[in-house]
Chemist: 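After the structure tokens below, expect a handful of questions from me.
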Amino acid sequence: MIELQIAWLLLAVLSPTAFGMVAETDAGSLAENRVVAVVDAKAMELASLSAGHWLAQADPVATEEAGGFWARVSDGLIWTRDTVRDVMMPIGVVALGIGLILACTLAWLLNLVALPGNWLAIALMALYAWLGPETGRWQLGLVSLAIAFVLGLVGELVEFLAGAMGASRAGASRRATMMAIVGSIIGAIVGGIVGLPIPVVGPVLAAILFGGLGATAGAMFAEWNDGKNWRDSWRIGQAAFWGRTTGTVGKMVAGLLVLVVCVFGVLF
């Protein structure tokens, strides 16, 4: 009843000629006032037409934005997330968390063959944070994701600086630089297969070492084909070795820290 009286009073303010107000005072009450609004049929019809015209003149941009492209995209993402959660949750959050850690470990090893393993691990962490549990022990928060992102940037910076101080700075041609990259990838794969007689870390160390040797061989071969003597080729090959090795070690260390952040973020 109170809401109806307030609505009538607002309409009276908008169209004062359409309403009459009568105040009655009841002598038997404690000076209680009562306002009666009298509305005829024609005034009510005019008020309805006025309200319809006002709604028609509403901002079309806001209406379009509410049901526009980005709203559909947002609804689609939410639907995808909920659907994937319904599929994954029967597997169990424990299995999903352990799967994330194993996948990030494999991504970390891709750094040995000059692939963006750190960023793949960070992308997997972001996907888990979006699709995984929002609360509980197996939750991966945004703080862990932000720390991993910063570590990924640090790894890229170290690799860039090492490359700048490597074969390019020693005067290597563009062809020699490309051959050094190809040689390092082949060497890292061979080193990972051959390995070193060191438990656990033997294949990783062998991949780093053979990757540097492959970079040296590729750069020297390209420079020798371009007509440079063996001394100049050897100097450029040495620079390629140290640039490749330093960059790989720096990126592997950054990736290992990303993996540690993933483990602590999921398990603790």
Side-chain angles (χ1 to χ4, degrees), residues 3-4 6-7 10-11 13-15 46-111 113-160 163 251 254-268:
E3 291 81 358
L4 183 59
I6 294 175
L10 289 176
L11 289 176
V13 173
L14 294 176
S15 182
L46 290 175
S48 300
L49 292 175
S50 178
H53 178 73
W54 180 82
L55 291 174
Q57 297 298 323
D59 189 5
V61 176
T63 305
E64 183 178 356
E65 289 179 353
F69 173 75
W70 292 113
R72 292 194 296 271
V73 170
S74 177
D75 293 340
L77 290 175
I78 294 174
W79 178 85
T80 302
R81 182 192 64 184
D82 294 339
T83 303
V84 174
R85 281 180 176 176
D86 292 339
V87 174
M88 294 192 310
M89 284 304 108
I91 301 175
V93 293
V94 176
L96 293 176
I98 295 176
L100 172 67
I101 295 173
L102 293 177
C104 289
T105 302
L106 295 177
W108 172 64
L109 293 175
L110 293 178
N111 291 318
V113 291
L115 293 178
N118 290 347
W119 294 114
L120 179 58
I122 294 171
L124 291 173
M125 292 173 62
L127 186 63
Y128 180 88
W130 182 51
L131 297 175
E134 298 180 354
T135 58
R137 180 178 180 181
W138 295 90
Q139 175 197 11
L140 184 64
L142 294 178
V143 175
S144 299
L145 193 60
I147 295 174
F149 183 81
V150 172
L151 290 173
L153 291 178
V154 172
E156 293 297 325
L157 179 62
V158 171
E159 186 181 38
F160 173 78
K251 199 169 184 178
L256 182 60
L257 293 177
V258 170
L259 185 58
V260 171
V261 170
C262 176
V263 172
F264 273 87
V266 171
L267 298 181
F268 300 99

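Residue numbers start at 1 and run along the sequence shown. The structure displayed is predicted, hence computed values, not measured ones.
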Chemist: Identify every side-chain donor-acceptor pair in residues 145-154 under 3.5 Å, counting partners at least two apart or on other chains, and give the distances.
Modeler:
none

Chemist: Hey, could you give me each pair passing salt bridge (charged side-chain N to carboxylate O under 4.0 Å, His left out) that has a residue in residues 139-157? Not counting sequence neighbours.
Modeler: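 Qualifying pairs: Glu156-Lys251.
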Chemist: So, using ring pair (Phe, Tyr, Trp, His ring centres under 6.0 Å) as the criterion, who are the partners of Phe160 when residues are at least two apart?
Modeler: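 With neighbours one apart ignored, the set is empty.
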Chemist: Can you list every pair that meets side-chain hydrogen bond (donor to acceptor under 3.5 Å, both in side chains) and has a residue in residues 259-268, with sequence neighbours left out?
Modeler: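 Listed by first then second residue: nothing to list.
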Chemist: Which donor-acceptor pairs under 3.5 Å do side chains of residues 99-108 form with protein atoms, sequence neighbours excluded?
Modeler:
residue : atom : partner : partner atom : Å
Thr105  : OG1  : Ile101  : O            : 2.8
Trp108  : NE1  : Met252  : O            : 2.8

Chemist: Could you state the interatomic distance from CE (Met125) to CH2 (Trp119), rounded to the nearest 0.5 Å?
Modeler: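 Those atoms lie 11.5 Å apart.
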Chemist: Measure across Gly117 and Leu110 and return the closest heavy-atom pair with its distance rounded to 0.1 Å.
Modeler: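 Taking Gly117 first and Leu110 second, the nearest heavy atoms are CA-CB, 4.1 Å.
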Chemist: So, taking the atom named CG in Leu140 and the one named CG in Leu124, what distance separates them when rounded to the nearest 0.5 Å?
Modeler: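 If we round to the nearest 0.5 Å, Leu140:CG and Leu124:CG are 11.0 Å apart.
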Chemist: Is there any salt bridge (charged side-chain N to carboxylate O under 4.0 Å, His left out) pair reaching into residues 93-107, and which pairs are they, with sequence neighbours excluded?
Modeler: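 For residues 93-107, and leaving out neighbouring residues, there are no salt bridge (charged side-chain N to carboxylate O under 4.0 Å, His left out) pairs at all.
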Chemist: How long is the span from the CG atom in Asn118 to the CD1 atom in Ile122, to the nearest 0.5 Å?
Modeler: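 So the CG of Asn118 and the CD1 of Ile122 are separated by 6.0 Å.
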